[in-house]
Amino acid sequence: MHHQAPLGPGRNGELRWTQHGPDDTIGPEVTEQLEITSSERSGWTVLTATGEIDLASVDYLQSALDAAFAKVDPQVVIDLSAVSFLDSTGLRALIGAHRRGEDEGAKVALVVNGGPVERLLEITGVDASLNIHPTLESVTG
Amino acid sequence: MKDQVLRLGFHGEPAHLTIVRAFVGSVLRTLEQPEQMIADLRLAISELAAVLVNSDAGEADLEFIVDDGEFRLAVSGPDPMPSIPEETVALVKALTGDRLLSPSGRWIVGPFR
């Protein structure tokens, strides 16, 4: 059974989304697929994703993006440094966020520093059209 | 020499993608394959399995085949196989150097290097 953790403040006032796989089949080290935390930094909403983003988990990313865009004058940075896997469903969500930012006049940035995320962005050619930074500090100052 | 190294059943559930990817990654690391190849193969699996899930294709077989030291992925099961969206074809071709065959109800992708 899949479940989404309640949306609510974590220990440091962060918002936290977690998605787990079928608990009854394999251990939690494999089934905990994606965690997204939301925090504020220098006027930016920072969504920090950890784990794998695919068809099974992309809804959790989308929920976090929707919440970030619901704020007044949103500036959203999605930190993908700790994402170990991203497929085209996740990529579509990121492109959607980029376009939504353009439509709504909101700043949207990604933090990518190598690995499978950068590989996917490169081979699809999407890296040229998204606002990509190597570190969180280079976005938020 | 052709040698089938692994065959997995895929039951069309999105949550199974994670399990299959983790298992395949573990097996290929045991076989000391390059990390880039493993990453590309994991991505191809996810993309093609997503086509099956989105098509309500039910169960499918994923076969990992070694042929003269080169790894290929074969997907079969549904009859007929669902059509693969153009963007998925383009992405998988980019991963494998322009190879994606669909002979007689079977997708064959590779080689992964």
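Keep in mind that what you see is a predicted model, and the values were worked out from it rather than measured. In the text below, chain A, chain B and the rest are named by the order of the sequence lines, each starting its count at 1.
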| Using non-hydrogen atoms only, which part of B/R42 is less than 4.5 Å away from chain A: side chain, backbone, both, or neither? | both

| What about B/L62 and B/I38, same hydrophobic cluster or not, with Ile/Leu/Val/Met/Phe/Trp/Tyr joined at side-chain heavy-atom distances under 4.5 Å? | yes

| message | Please rank A/T89, A/T124, A/I123, A/L86 by heavy-atom pairs under 4.5 Å with chain B and give me the top one. | response | A/I123

| request: Consider only side-chain heavy atoms of I, L, V, M, F, W and Y, link residues closer than 4.5 Å, and tell whether A/L61 and A/V111 are in one cluster. | output: no

| said: Give me the atom names and distance for the closest heavy-atom approach of A/A56 to B/P14. | reply: CB-O, 3.4 Å

| Heavy-atom proximity to chain B below 4.5 Å, by part of A/D87 | both

| task | Give the intermediate values and the outcome of side-chain hydrogen bond (donor to acceptor under 3.5 Å, both in side chains) for residues B/T18 and A/E52. | result | CA-CA 8 Å; B/T18 314; A/E52 301 194 344; 4.6 Å; no

| A/R99, CZ: over 12 other non-hydrogen atoms inside 6.0 angstrom | no

| query | Checking B/E35 against chain A: side chain, backbone, both or neither under 4.5 Å from a heavy atom? | reply | neither

| query | Is the number of heavy atoms from other residues, nucleotides or ligands under 6.0 Å of A/D103 CG greater than 12? | reply | yes

| field | Common cluster, A/V46/A/V108, ILVMFWY with side-chain heavy-atom separation under 4.5 Å | value | no

| query | Yes or no on side chain to side chain contact (heavy atoms under 4.5 Å, CB included) for B/N54 and A/L55, after CA distance, side-chain angles and deciding distance? | reply | CA-CA 9 Å; B/N54 290 331; A/L55 186 65; 4.1 Å; yes

| field | Steps toward side chain to side chain contact (heavy atoms under 4.5 Å, CB included) verdict (B/L95, A/R119) | value | CA-CA 10 Å; B/L95 291 172; A/R119 166 84 168 152; 4.2 Å; yes

| query | Where does A/S88 contact chain B at under 4.5 Å (heavy atoms): side chain, backbone, both or neither? | reply | both

| task | Flag yes if more than 12 heavy atoms outside B/E86 fall under 6.0 Å of its CD atom; otherwise flag no. | result | no

| message | Quick check on the hydrophobic clustering: are A/V139 and A/L94 connected, directly or via other members, by side-chain heavy-atom contacts under 4.5 Å? | response | no

| task | Measure the CD-CG distance between B/E87 and A/L91 for me, rounded to the nearest 0.5 Å. | result | 10.5 Å

